[in-house]
Protein chains: 2
Amino acid sequence: MLKPLPLQNIRITDPFFAGRIETARNTAIPYMWAALNDSIPGVAPSGCISNFEIAAGLKEGSHVGYVFQDSDLWKWIEGVAYSLATHPDAELEARADAAIELAAKAQLPDGYLNTYYTINGLDRRFTNLRDNHELYVAGHMFEAAAAYYEATGKRKLVDMSCRVAECIMKHIGPEEDKKHGYPGHEEIELGLARLYGVTGETKYLALAKYFLDARGTEPHYFDVEAKARGEKPGRDWRRHPLVKYAYHQAHKPVREQTEAAGHAVRQGYLLAGMTEVGALTGDMTLVQAADTVFDNIREKQMYITGGVGATHDGESFSFNYDLPPERCYTETCASISLIMTAARLNRVHPDGKYGDIVEKALYNGILSGVSLDGTKYFYVNPLEVWPERCERRQDMDVDPERLGWFGCACCPPNVLRTLTGLGSYIYAADDSTLLVDQYIASEATAKMNGAKVTLTTDARMPWDGQVSVRIQADKPAGFTLMLRVPTWAKNFSMTIDGQVAEPVVENGYIVLNRLFGAETVVALEFPMEVRFMSASLHTPNYAGKTALMRGPLVYCLEEKDNGPQLWNLSVKPGTAEARFDESLLCGVTAITADGLRDEMESGLYTESVPGRNAVPLTFVPYYAWGNRGKGEMAVWLRRA
Amino acid sequence: MLKPLPLQNIRITDPFFAGRIETARNTAIPYMWAALNDSIPGVAPSGCISNFEIAAGLKEGSHVGYVFQDSDLWKWIEGVAYSLATHPDAELEARADAAIELAAKAQLPDGYLNTYYTINGLDRRFTNLRDNHELYVAGHMFEAAAAYYEATGKRKLVDMSCRVAECIMKHIGPEEDKKHGYPGHEEIELGLARLYGVTGETKYLALAKYFLDARGTEPHYFDVEAKARGEKPGRDWRRHPLVKYAYHQAHKPVREQTEAAGHAVRQGYLLAGMTEVGALTGDMTLVQAADTVFDNIREKQMYITGGVGATHDGESFSFNYDLPPERCYTETCASISLIMTAARLNRVHPDGKYGDIVEKALYNGILSGVSLDGTKYFYVNPLEVWPERCERRQDMDVDPERLGWFGCACCPPNVLRTLTGLGSYIYAADDSTLLVDQYIASEATAKMNGAKVTLTTDARMPWDGQVSVRIQADKPAGFTLMLRVPTWAKNFSMTIDGQVAEPVVENGYIVLNRLFGAETVVALEFPMEVRFMSASLHTPNYAGKTALMRGPLVYCLEEKDNGPQLWNLSVKPGTAEARFDESLLCGVTAITADGLRDEMESGLYTESVPGRNAVPLTFVPYYAWGNRGKGEMAVWLRRA
């Protein structure tokens, strides 16, 4: 399996992302720290740090927030670690060290660390793995520990994590005398794999594999523990596509699951964990199973923005081709879990289709989750908004405006760690193969067959398709350079050291297998026309409609630019013009196109036919919507 | 106020309805009786009769079903009474008498009669008027009593009802020492008005007016009684358009309510009650307030089928122009409550707009509630069905198939009483004015200024627009005959005694003010072209779409005739042909039109544009959908 290049070896210079990462570093990190400390007026209290102080015996009080509240600190530390890896910051590091010290005080002698149970009663720990997130929280702790160690060389959080893992292994596992359980919310599988990565201890990998192998087998552990709690087993998921524990992806053994189901973030973390653990243990049946479900998502259950989760009931996948734009869930975290999966599958067997999903979700469904100033967040990322409907229909669960923080604050730190850890999505390598997956301007170094190779990627995505990659080796080195060809880039052109070259494309990658010397410059030009997309006729949601894309970006109409009642607008395909506007939404390429607006004064129902007046339409990138006050938005509109 | 002609004076000969009424009489009446007696295998148990037997002390057991279960018997008796009025049936009457005898045994010495509280604890009676339907059940009892007395001359149920009313007045009313309450589910207002009608006791009318006057005033009675129960007042209606008791139309005094809100059936019964009580007491402010809300429904909150209630949350109205076709509630009972309101408003101040709503709801959104064989029912009447979505999305509450019976069986008996009482919607009159509102073939007699007038209406609605009304007076009589002109009938023609006549149309009625002699024949021809309807551009739900209508009927596409994925179909306006098919759906006029079907093989998202192949489309009347197995259905489709 290929590995991402270490973050320390990557300096992101990208005009599009560098500023966002800086905002994350300078705004989101301190903002979230303040939120975790309940010092932001007017936003839902987190209680996170306070819970640790109470659990550590430093103060009196009761636990605040969800059973998984601790994970917000762990995700913050993970995000901070990625930032420190590329931008050392003694003050920030000291703050993180102090938080780790505080957490250490809350860890119990047997290694257990979860403030919810420490405060509310240890007798109930490990009695409800289905609902109570203990293993999920541990998983985020392990990820934070590995990231922080890799960034700072400090082992303390790793050591604390090992003791947590030992505690879990004392209670849960395949052995006769242990609980044969697994998490109701997947995540620890990834965390254990990373803990294995920084310790070399295979027992952590074995535990992760056990959680995957045990999942959904009979007798069903969630029923076993429910009975032990004196509750009746099973669960009523009414019209849920796959009844009984599909919400937890535990309706059948993971190798028998073929369609995405249940809570979308859990599904994504499961697939990422299956891929990682499968590859590390050499069990390719896990990877194949992950691939099958990933393809189901990509081909039948994904929004054009890379959003996933078509219903707010259970924050879940719905069923094939059911993709309503106005009442999707498409949680920011779910898209993040999707790219975590895609990137891992790609490292196992590189294919351009994976990088395409990373690109699609990154530039659309994930970035839409955070405001341009980096301080407000969407939990849900709808593709169509009529504010009155969001606010007045009780069967809607879509906020028409970004909020500062959430009682359940999973998305903000998830976006943080994605942005500060962005480098890990750009390149991947082993000794003899080097992948360039995302054309994000950056400088990086890699060891290829003993040579030190410096990569300089120059790009102006998502606005411009001209890309160059400079490869400089300190001594001649033979290896395979693979450059991803975005599926949206038809008839692209390539030059090598200024000479037009005929690309060899395999599995969506330009493959250059050659001896690299002092300097090689590969220049690529990916044409960026505006594309009028259609949806499969199997989905009822977009019949007769089109969505505009340019390069990796999905575009949308906003009331601010096009007036109210966007549903009365239609667009003439082929009329689009793209123009970069420095002053609009922090600088975006907007698209103008010829449109028609239905016009008619009538009663509720009439024999009259609406007239259609020509109007200019202005489309802005979907990721930037909702930054100019509350109003209507639509990604899909009728073809005129 | 005009009155409907007595049912005894009307004999319905209509080819469309006579068979349906006979089915109701021969199938629905015995079927429902069996259901009330829990003797239908495989359908939800009613417990209704059993509850009365327990309350009467005839057997042991506990109450089954809802707090309003008794009302199913009262509605059955009301429906039976209307049937007996026109079709005497000694055996059926004996069965109804026996049921009344049983109920009499369950009535308490103080007049109280409600099996739920008699069985579960009288100490709690009248402590939760908001939720527990005691007054609603009494209202249905009063309506049944009046209907049964008018049909059979038997007073027993009227006497029982008066004792129930006295009991209520002992506990509830404006006086200092009484509870200043009113029903959470309106209905008793109508019942009391009818009880006044058969007894002449104005105190019943006064109580009805009290309930209307007290409604929504401060201090809010629902809070007062909630506090008395030790519960916290108020209620969380989250995104509900009008918070705090709008569900019960108690968010403000009834005269200040301007938009339909809350539970749709309750809203309808309230408006009907306001109209009836306002007219009988001469308080026109009540009628005006009812008119205001009725117009809001007609102009902004009604489906094209006459369905009302755009959300299943609270079985409620949503907000202006929010009319989703796939997730409406449009309960059959709600449309019935709408025509009850329309007919009453029309009797106060006749206007064709009222009869139009009666016609629209009757031929579409109400008839769709019952299967062609009269034994299966829709509670919810959607305008678009994708069965997979109904079954697999948890945020849907739409059954794709009719069911035999419901635990909450309000709709079936409501349809029964509407069909057996259909005559009351056809004609209305006072001494000097005679209205013909619905062109349903029938013979009727009326006393007009001392003369006996026989009316013979010949019509073949909804298939044919040719209508004749024969008026025969036993002695010359001057009066005003008013014949409704359907809004769908443009440039109709009229002859009187064979001579072409120029109609005088006022408020949607042809007005004939003249001396009627031995025989006058008014012949009308209402043209019936297929109409391609549009919806107001204020609603986002039907942009670019059309719905076909012919005469009073709304049409739909079914998968059975047009194949799956109806969303890929569009229709060419102006291409429609109508043809009566005796063999289709018990005989309907089907519409064929030229259509296009989008065709494309593609992945989930593509730059390809669907091809469009010409296909013939077959539309069937909406009321008849869902009688040929489970499948897709759509009323609105794209204009080609």
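Just so it is clear: chains get the letters A, B, ... in the order the sequence lines come, proteins before strands, and each one is counted from 1. Keep in mind that the numbers below use all heavy atoms, side chains included, and drop hydrogens, waters and symmetry copies. Note that the coordinates shown come from a computational prediction; the quantities given were computed from them, not determined experimentally.
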In terms of heavy-atom pairs under 4.5 Å with chain B, which of [options] leads?
| options | answer |
| --- | --- |
| H312(A), M600(A), R327(A), R612(A) | R327(A) |
| P540(A), P564(A), P324(A) | P540(A) |
| R639(A), K300(A), E388(A) | E388(A) |
| A543(A), P610(A), G603(A) | A543(A) |

Option that, when pairs with chain A are counted at under 4.5 Å, heavy atom only, ranks first among [options]:
| options | result |
| --- | --- |
| M549(B), E599(B), M302(B) | M302(B) |
| P573(B), A310(B), A547(B), S570(B) | A310(B) |
| E299(B), E607(B), M533(B), R531(B) | E607(B) |
| S534(B), S536(B), A535(B), G544(B) | S534(B) |

So how far is it from [X] [atom1] to [Y] [atom2], rounded to the nearest 0.5 Å?
| X | Y | atom1 | atom2 | value |
| --- | --- | --- | --- | --- |
| Y605(A) | T305(B) | OH | OG1 | 7.5 Å |
| D395(B) | R393(A) | CG | CZ | 9.5 Å |
| Y247(A) | Q394(B) | OH | CD | 10.5 Å |
| S602(A) | H538(B) | OG | NE2 | 7.5 Å |

Please state whether the side chain, the backbone, both or neither of F532(A) comes within less than 4.5 Å of a heavy atom of chain B. backbone
Is [X] close to chain A through its backbone or its side chain, or both, or neither, when contacts mean heavy atoms under 4.5 Å?
| X | answer |
| --- | --- |
| K545(B) | neither |
| Q301(B) | backbone |
| S608(B) | backbone |
| L323(B) | side chain |
| Q565(B) | side chain |

Before you tell me yes or no, could you show the steps for D322(A) and R392(B) under salt bridge (charged side-chain N to carboxylate O under 4.0 Å, His left out), namely the whole-Å CA-CA distance, both residues' side-chain angles and the distance that decides it to 0.1 Å? CA-CA 10 Å; D322(A) 179 48; R392(B) 298 181 70 169; over 6 Å; no
Can the ring centres of W386(A) and F319(B) be said to be less than 6.0 Å apart? yes
Taking atom NZ of K353(B) as the centre, does the number of heavy atoms from other residues, nucleotides or ligands within less than 6.0 Å exceed 12? yes
Might you work through the side chain to side chain contact (heavy atoms under 4.5 Å, CB included) test for E601(A) and L537(B), ending with a clear yes or no? CA-CA 8 Å; E601(A) 280 306 317; L537(B) 298 186; over 6 Å; no
Any chance you could lay out the side chain to side chain contact (heavy atoms under 4.5 Å, CB included) test for Y321(B) and L604(A), step after step, and finish with the verdict? CA-CA 8 Å; Y321(B) 300 115; L604(A) 188 49; 4.0 Å; yes
